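One-based numbering along the sequence shown. This is a predicted model, so every value here is computed, not measured.
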Amino acid sequence: MRTNKDILKITSNTFFDKRTELGLTQEKMAEKLKICRRAYQHIESGERCPSLETYSNLVSISDFDALGTLSSISKISQETKE
């Protein structure tokens with residue numbers, strides 16, 4: 001059975017992958033996402049889930065497939081409830 005930790009892992013991997021793909025430091029990525037560096041570090045380390053606004057900002061700065069990622073998270077959430 002999948003857990004919320006699985007959701008955080010997918011999210012953190014997604015944000016890490018996009019940041020490295022864009023060649024940005026955590027600080028620069030945080031600036032582009034309009035959040036503080038520490039909040040970004042929490043997302044990338046899997047300690048915190050980003051807000052929808054942060055996801056939206058990620059979509060606007062990259063070719064991020066938000067629908068695909070959110071769909072995966074939704075499936076895991078459903079599995080967790082069962």
Side-chain angles (χ1 to χ4, degrees):
M1 181 164 82
R2 301 223 180 194
T3 66
N4 288 336
K5 287 183 181 182
D6 294 322
I7 294 170
L8 289 172
K9 185 68 175 168
I10 289 170
T11 302
S12 67
N13 288 343
T14 299
F15 276 74
F16 173 80
D17 291 346
K18 284 300 169 186
R19 179 178 65 80
T20 56
E21 182 181 301
L22 294 169
L24 300 173
T25 63
Q26 287 184 337
E27 186 169 356
K28 290 294 181 187
M29 184 68 154
E31 286 175 19
K32 289 187 173 289
L33 295 175
K34 302 175 184 164
I35 58 175
C36 71
R37 178 188 51 82
R38 189 69 188 134
Y40 182 80
Q41 288 173 328
H42 282 290
I43 293 168
E44 197 171 286
S45 68
E47 298 172 39
R48 173 181 168 186
C49 246
S51 68
L52 288 177
E53 181 179 353
T54 301
Y55 268 116
S56 175
N57 290 339
L58 183 61
V59 169
S60 71
I61 66 168
S62 71
D63 63 348
F64 174 63
D65 177 17
L67 189 57
T69 300
L70 293 174
S71 176
S72 295
I73 290 171
S74 177
K75 287 177 188 174
I76 291 171
S77 290
Q78 290 300 327
E79 290 174 10
T80 302
K81 291 178 184 177
E82 296 174 353

Peer 1: Ignoring hydrogens and angles, write down the donor-acceptor pairs under 3.5 Å from the side chains of residues 43-50, residues two or more places apart or on other chains.
Peer 2:
| unit_1 | atom_1 | unit_2 | atom_2 | d |
| --- | --- | --- | --- | --- |
| E44 | OE1 | R19 | NE | 2.8 |
| E44 | OE1 | Y40 | OH | 2.6 |
| E44 | OE2 | R19 | NH2 | 2.9 |
| E44 | OE2 | Q26 | NE2 | 2.9 |
| S45 | OG | Q41 | O | 3.0 |
| S45 | OG | H42 | O | 3.2 |
| S45 | OG | E47 | OE2 | 2.9 |
| E47 | OE1 | H42 | ND1 | 2.7 |

Peer 1: To the nearest 0.5 Å, how far apart are CD1 in I61 and NZ in K18?
Peer 2: 10.0 Å

Peer 1: Who are the side chain to side chain donor-acceptor pair (under 3.5 Å) partners of T54, not counting sequence neighbours?
Peer 2: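 Expected list: S51.
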
Peer 1: Would the number of heavy atoms belonging to other residues, nucleotides or ligands and lying under 6.0 Å from CD of E21 be above 12?
Peer 2: yes

Peer 1: Name all pairs fulfilling the salt bridge (charged side-chain N to carboxylate O under 4.0 Å, His left out) condition that reach into residues 22-34, sequence neighbours left out, sorted by first residue then second.
Peer 2: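 Checked against salt bridge (charged side-chain N to carboxylate O under 4.0 Å, His left out) - neighbours excluded - the pairs reaching residues 22-34 are K28-E31.
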
Peer 1: What's the separation between atom NZ in K9 and atom OG1 in T14, rounded to the nearest 0.5 Å?
Peer 2: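 So the gap between those two atoms works out to 11.0 Å.
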
Peer 1: To the nearest 0.5 Å, how far apart are CG in L22 and CG in L58?
Peer 2: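 The CG atom of L22 sits 8.0 Å away from the CG atom of L58.
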
Peer 1: Among the clusters formed by ILVMFWY side chains lying less than 4.5 Å apart, do F16 and I7 turn up in the same one?
Peer 2: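 Hydrophobic grouping puts F16 apart from I7.
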
Peer 1: How long is the span from the CG atom in L8 to the CG atom in N13, to the nearest 0.5 Å?
Peer 2: 11.0 Å

Peer 1: Would you find a donor on one side and an acceptor on the other, under 3.5 Å apart, between the side chain of S56 and the backbone of L52?
Peer 2: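 Checking the backbone N and O of L52 against the side chain of S56, no donor-acceptor pair under 3.5 Å is found.
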
